[in-house]
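Comments concern the structure below.
Note that the structure is predicted; figures quoted are calculated from it, not measured. These values consider heavy atoms only, across backbone and side chains, with no hydrogens, waters or symmetry-generated copies. Count residues from 1 along the sequence.
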Amino acid sequence: PSPGGWPKATPASVGLNAGKLAEAQRYAQRWDGAGCVIRHGKLVHSWGSLSQLYNIQSATKTFGSVLLGMAVDAGKVSLAASAQRYLPGIGAIPSSNVARGWLDEIRVDHLATHTAGFPKSRLPSPLAARPGSRYIYSDGGTNWLAALLTKVYGQDLRTLAQARLFGRIGVPSTAAKWAVMDPQYQLPPTCRFNGGLQANVDTMARLGYLYLNNGNWAGDQIISSAYVKLSTSSYQARIPVSHKYAGLLWWVTSINKVPCYYSAGLYANHTFVFPSLNMVVVRVGTSGWDQYGSATNTFLQPIVAAAT
């Protein structure tokens, strides 16, 4: 797709059942928001505004995964290395963490798999577990990862992301506004990974399409296919206490036995990628089914059924 938009096609022309897509849309529209279905690189179904900005909540973490992947690809970071190698002060706020004697056990991949021992809070917090011993969904752990990458790159990650990611996939700075890191981390200005990215349906779809094409955008290899595969597969074999449905700031599942990986944020902010169906699905909003006891599968099953 060009920066101006996606080529459009009818669902039938790419082998999709329009009625099933409409069924999924009706479910999504019980709440506010917008979404789209991209198949074979063409926009075949959408609702709401593709350009309106939403706070995509923890779907922000997946954009952080791309910046981590770039560092891994460039040899700037090793996933299995001690995080202190890259950020000597990691976890040292509050100072009680230093006394625990665990900080040198934190690995880079612990931060990206919610296994570094930090609690849920997005702010610097006392360790709740020994690194590598428990899965604890942690906004703070991902923000320490952002701090580490800021140190590694030596620049504001918001600037880096626009130059190295967003600009290369046709996303203008007006369509990807990343919130600044909390000052408690005592960093120069940079972005936080836990949430706070303002993005639209188009931005989310472009990230999904980049991954669908193994990190390549119109001949530009932005991240390696090896990192795409690693980050969107279960990481549990490498860290046995990690969530079996967790990759590196991506989530892994299957819908009606069709493999899928996805980003996930509060209020059902999602980008879903179905490699075997050559399909990307996006849903964003300020309210969503996750707040009302309803299921993501209810949204996705008719979309998968539309293709099978």
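- For the residue pair G196 and T60, the shortest heavy atom distance occurs at N-OG1, 3.6 Å.
- Note: T115 OG1 to I106 CD1 = 10.0 Å, rounded to the nearest 0.5 Å.
- Within the 4.5 Å cutoff, no side-chain heavy atoms of Y27 are placed close to those of Q301.
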Enumerate donor-acceptor pairs with a distance under 3.5 Å from any side-chain N or O in residues 64-77 to protein atoms, sequence neighbours excluded.
residue	atom	partner	partner atom	Å
S65	OG	Y227	OH	2.8
S65	OG	L248	O	2.8
D73	OD1	S224	OG	2.7
D73	OD2	S224	N	2.8
D73	OD2	S224	OG	3.4

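- With sequence neighbours excluded, the residues that form a ring-ring contact (aromatic ring centres under 6.0 Å, His included) with Y185 are W144.
- At a threshold of 4.5 Å between non-hydrogen side-chain atoms, the residues R134 and V241 do not count as touching.
- Among residues at least two apart or in separate chains, there is no ring pair (Phe, Tyr, Trp, His ring centres under 6.0 Å) pair with a member in residues 84-109.
- Remark: F63 pairs with F166 by the ring-ring contact (aromatic ring centres under 6.0 Å, His included) rule, at least two apart or across chains.
- Counting heavy atoms from C-beta on, the side chains of V180 and R158 come closer than 4.5 Å.
- Ring planes of Y137 and W251: parallel class, angle under 30° (limits at 30 and 60°).
- In the model, T190 has a side-chain atom that pairs as donor or acceptor with a side-chain atom of T150 under 3.5 Å.
- Under a cutoff of 6.0 Å and an axis angle of 45°, R206 and W6 form a cation-pi pair.
- Heavy-atom neighbours of Y245 OH from other residues, nucleotides or ligands within 6.0 Å: at or below the threshold of 12.
- For the salt bridge (charged side-chain N to carboxylate O under 4.0 Å, His left out) condition, the pairs that include at least one residue of residues 276-292, sequence neighbours left out, are D32-R283.
- With 3.5 Å as the limit, one finds no donor-acceptor pair spanning the side chains of T296 and Y262.
- We find the CG-NZ distance between L16 and K42 to be 12.0 Å, quoted to the nearest 0.5 Å.
- Proximity of V280 to M204: side-chain heavy atoms (C-beta onward) are nowhere separated by under 4.5 Å.
- The side-chain hydrogen bond (donor to acceptor under 3.5 Å, both in side chains) check on Y267 picks up nothing, with sequence neighbours excluded.
- Judged by distance alone, the side chain of T253 and the main-chain N or O of C260 form no donor-acceptor pair under 3.5 Å.
- Using a distance-only test at 3.5 Å, with no hydrogens or angles considered, no donor-acceptor pair links the side chain of N194 to the main chain of N143.
- Under the side-chain hydrogen bond (donor to acceptor under 3.5 Å, both in side chains) criterion, H45 pairs with Q25, sequence neighbours left out.
- Both L207 and L249 are part of a single hydrophobic cluster, where members link through side-chain heavy atoms under 4.5 Å apart.
- For Q291, the side-chain hydrogen bond (donor to acceptor under 3.5 Å, both in side chains) criterion is met by no residue, not counting sequence neighbours.
- Looking at S125, its side chain does come within 3.5 Å of a backbone N or O of L123 through a donor-acceptor pair.
- With sequence neighbours excluded, no residue forms a ring-ring contact (aromatic ring centres under 6.0 Å, His included) with H110.
- Residue pairs meeting the salt bridge (charged side-chain N to carboxylate O under 4.0 Å, His left out) criterion with at least one member in residues 220-237, sequence neighbours excluded, are R168-D220.
- By the ring-ring contact (aromatic ring centres under 6.0 Å, His included) test, Y261 is found to be paired with W250, residues two or more places apart in sequence or in another chain being considered.
- Side-chain contact check for S294 versus T298: every heavy-atom pair is 4.5 Å or farther apart.
- Note: the hydrophobic cluster containing V284 does not contain V44 (ILVMFWY, side chain heavy atoms under 4.5 Å, direct or indirect links).
- Counting heavy atoms from C-beta on, the side chains of L145 and V108 come closer than 4.5 Å.
- Shown here are the side-chain hydrogen bond (donor to acceptor under 3.5 Å, both in side chains) partners of S233, two or more places apart in sequence or in another chain: there are none.
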Candidate pair D109 and Y235, rule side chain to side chain donor-acceptor pair (under 3.5 Å), full reasoning
CA-CA 9 Å; D109 55 3; Y235 207 78; 2.9 Å; yes

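- Side chain of Q57 to backbone of A264: no donor-acceptor contact under 3.5 angstrom is found.
- Considering only heavy atoms from C-beta on, P126 comes within 4.5 Å of N97 through its side chain.
- No donor-acceptor distance shorter than 3.5 angstrom exists from the side chain of N17 to the backbone of A307, with no hydrogens or angles considered.
- Ion pairing between a basic and an acidic side chain is recognised when a charged N comes within 4.0 Å of a carboxylate O; D182 and R122 show such pairing.
- Judged by distance alone, the side chain of N200 and the main-chain N or O of D202 form a donor-acceptor pair under 3.5 Å.
- In this structure, R39 contributes its side chain and L277 its backbone to a donor-acceptor pair below 3.5 Å.
- Put simply, the side chain of K120 never gets that close to the backbone of S138: no donor and acceptor are under 3.5 Å apart.
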